[in-house]
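Okay, so here's the structure we're looking at.
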Amino acid sequence: MRNPYDVLGVSRSASEAEIKKAFRKLAKSYHPDSNTNDPKAKDKFAEVNAAYEILGDAEKRAQFDRGEIDAEGKPRFQGFEGFGGGRGAGGQGFEGFGFGGGSPFGRRGSRGFGADAGEDIFSQLFGEAFRSAGAESTREQSRARPQKGADVSATLTVTLEEVAAEAKKRIRLPTGRDVDVVIPKGVTDGQVIRLRGLGQGAPGVNPGDAMLTIQIAPHERFTMEGANLRYRMPIQIEEAILGGSVRIPTLTGAVNMNIPPMTDSGRTFRLRGKGLPTKGGGHGDLLVTVEIKLPQVVDEELMDYARKRHSAKAR
């Protein structure tokens, strides 16, 4: 995968807001629903999501900048600090462990180089675990609780239509495993879902969890307000004056809505139950704000009416 900064078209010094803005713009541009005739849009959309999974997470971004993970979020091998060339990342080699001459065995301690000195050396290298290892019984080791593997993080981008349908989506985790995820009711943008046992694992180690961040893609018509959706509906001036029935799009299909006569621009109507699913099993509402749209071609009758109204008010 390409460098995530190049994918989103931002610099390494970009702010969190700049990264999010770039992601939203590209996600909207490459969304498969808006590019049904472009077979490459799906791959570009996936690449943008993967890049944002790294740069949209402060911890992952820092790890990537330090070279600890690659562009796919996988750990890079860092080597063993303090070994190899004789000096570690801190500017010290074996001397960093308190030894002289560049070797852990090149100098006697004050007590001589006997069993105690050897124990001190390995204790400094490997910590208290070395000193206590010999004292643990085989029975205690067998009864020891298995350690847990590392958690992994991933981002799943969903559409409002998928949220409304509580759809099932497949995602590939950083472990390389593909899993199907059912979008839960009441999910919110940025919510983190724990997938237990789907993290890193190893023989004798319980696997960690997968921490899945839900990213709701921007919609071309609706904006979210919790479980409610807001939609701005343009209407003709004659519809605003005379009233009538208009077709309103929803996430589950268009419906009719009645507009009363003499409706002002900016008035909001509530369509109950046409929003997003809630955790309690219900649905939010669709808030429709009407906007009067003037005709693009000059209407002389309308102009005459406006002139008469203006003259009457001026008297």
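- To the nearest 0.5 Å, the span separating NE2 on His219 from NZ on Lys28 amounts to 10.0 Å.
- Distance check: Glu47 CD to Asp43 CG gives 8.5 Å after rounding to the nearest 0.5 Å.
- The two atoms that bring Ala210 and Leu173 nearest to each other are CB-CD1, 4.1 Å, heavy atoms only.
- For the atom pair Leu26 CG and Phe45 CZ, the distance stands at 10.5 Å (nearest 0.5 Å).
- Each of Met211 and Ile54 belongs to its own hydrophobic cluster when Ile, Leu, Val, Met, Phe, Trp and Tyr are linked at side-chain heavy-atom distances under 4.5 angstrom.
- Considering Ile183, Val158, Leu276 in turn, Val158 is the only one that fulfils the side-chain contact (heavy atoms from CB on, under 4.5 Å) rule with Ile216.
- With hydrogens and angles disregarded, no donor-acceptor distance shorter than 3.5 Å links the side chain of Asn35 to the backbone of Asp38.
- Taking the side chain as every heavy atom from C-beta outward, Val181 and Leu212 approach each other to under 4.5 Å.
- Under the 4.5 Å side-chain contact rule for hydrophobic residues, Val152 and Ile214 do not share a cluster.
- Side chains of Glu220 and His31: a donor-acceptor N/O pair is absent below 3.5 angstrom, by distance only.
- Smallest separation of non-hydrogen atoms from Ile171 and Ala154: CD1-CB, 4.1 Å.
- At least one donor-acceptor pair under 3.5 Å links the side chain of Ser311 to the backbone N or O of Arg307.
- A distance-only check finds no donor-acceptor pair linking the side chain of Asp285 to the backbone of Leu287 [under 3.5 Å].
- Lys185 contributes no side-chain N or O that, together with a main-chain N or O of His283, makes up a donor-acceptor pair within less than 3.5 Å.
- Grouping the Ile, Leu, Val, Met, Phe, Trp and Tyr side chains by contacts below 4.5 angstrom, directly or via other members, places Val288 with Met262.
- Between Ser11 and Tyr5 the shortest side-chain heavy-atom distance does not fall below 4.5 Å.
- At least one side-chain heavy atom of Phe269 sits under 4.5 Å from a side-chain heavy atom of Pro260.
- The minimum heavy-atom distance between Gly208 and Lys148, with the atom names listed, is CA-CE, 3.7 Å.
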Open item on the list: Under the criterion side-chain contact (heavy atoms from CB on, under 4.5 Å), I'd like the reasoning laid out for Lys169 against Asp180: C-alpha separation, chi angles, the key distance, then a yes or no.
Closed with: CA-CA 5 Å; Lys169 295 206 66 175; Asp180 290 326; over 6 Å; no

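- In this structure, Leu294 is a member of the same hydrophobic cluster as Val290, with clusters built from ILVMFWY side-chain heavy atoms closer than 4.5 Å.
- Annotation: side chain of Pro249 is in contact with side chain of Arg221 (closest heavy-atom distance under 4.5 Å).
- Side-chain atoms of Thr250 never come within 3.5 Å of backbone atoms of Ala254 as a donor-acceptor pair (strictly under, hydrogens ignored).
- The minimum heavy-atom distance between Asn258 and Ser245, with the atom names listed, is OD1-CB, 3.5 Å.
- With a 6.0 Å radius and a threshold of 12 heavy atoms from other residues, nucleotides or ligands, Glu238 has its CD atom above the threshold.
- Side chains of Leu286 and Asn228 form no contact here, defined as non-hydrogen atoms less than 4.5 Å apart.
- The hydrophobic cluster containing Leu198 does not contain Val182, counting ILVMFWY residues as joined when their side-chain heavy atoms lie under 4.5 angstrom apart, directly or transitively.
- The closest side-chain donor-acceptor pair between Thr268 and Thr289 falls under 3.5 angstrom.
- Under the 3.5 Å distance criterion, the side-chain polar atoms of Asp209 are matched with a main-chain donor or acceptor of Gly197.
- Annotation: the span from Ile235 atom CD1 to Met233 atom CE amounts to 8.0 Å, rounded to 0.5 Å.
- No side-chain heavy atom of Lys274 sits less than 4.5 Å from a side-chain heavy atom of Leu229.
- Taking the centre of each ring, Tyr52 and Phe23 come in below the 6.0 Å mark.
- For the residue pair Glu53 and Asp57, the shortest heavy atom distance occurs at O-CB, 3.8 Å.
- At a threshold of 4.5 Å between non-hydrogen side-chain atoms, the residues Glu166 and Pro184 do not count as touching.
- Note on Asp189 versus Arg24: salt bridge recorded, some NZ/NE/NH1/NH2 to OD/OE distance being below 4.0 Å.
- Closest non-hydrogen pair, Phe64 versus Pro4, comes out as CZ-CD, 3.5 Å.
- No side-chain N or O of Asn49 forms a donor-acceptor pair with one of Tyr30 less than 3.5 Å apart.
- Between Gln215 and Leu156 there is no side-chain heavy-atom pair separated by less than 4.5 Å.
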TODO: Walk me through it: do Glu301 and Met303 pass the test side-chain contact (heavy atoms from CB on, under 4.5 Å)?
DONE: CA-CA 5 Å; Glu301 293 183 359; Met303 295 293 289; over 6 Å; no

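- Counting non-hydrogen atoms of other residues, nucleotides and ligands closer than 6.0 Å to NZ of Lys74 gives a total of 12 or fewer.
- Separation of atoms CG (Asn256) and CD1 (Ile248) is listed at 9.0 Å; rounding is to 0.5 Å.
- We find the OG-NZ distance between Ser153 and Lys60 to be 4.5 Å, quoted to the nearest 0.5 Å.
- Judged by distance alone, the side chain of Arg61 and the main-chain N or O of Arg12 form a donor-acceptor pair under 3.5 Å.
- Proximity of a side-chain donor or acceptor of Asp264 to a complementary backbone N or O of Arg267 within less than 3.5 Å is not detected.
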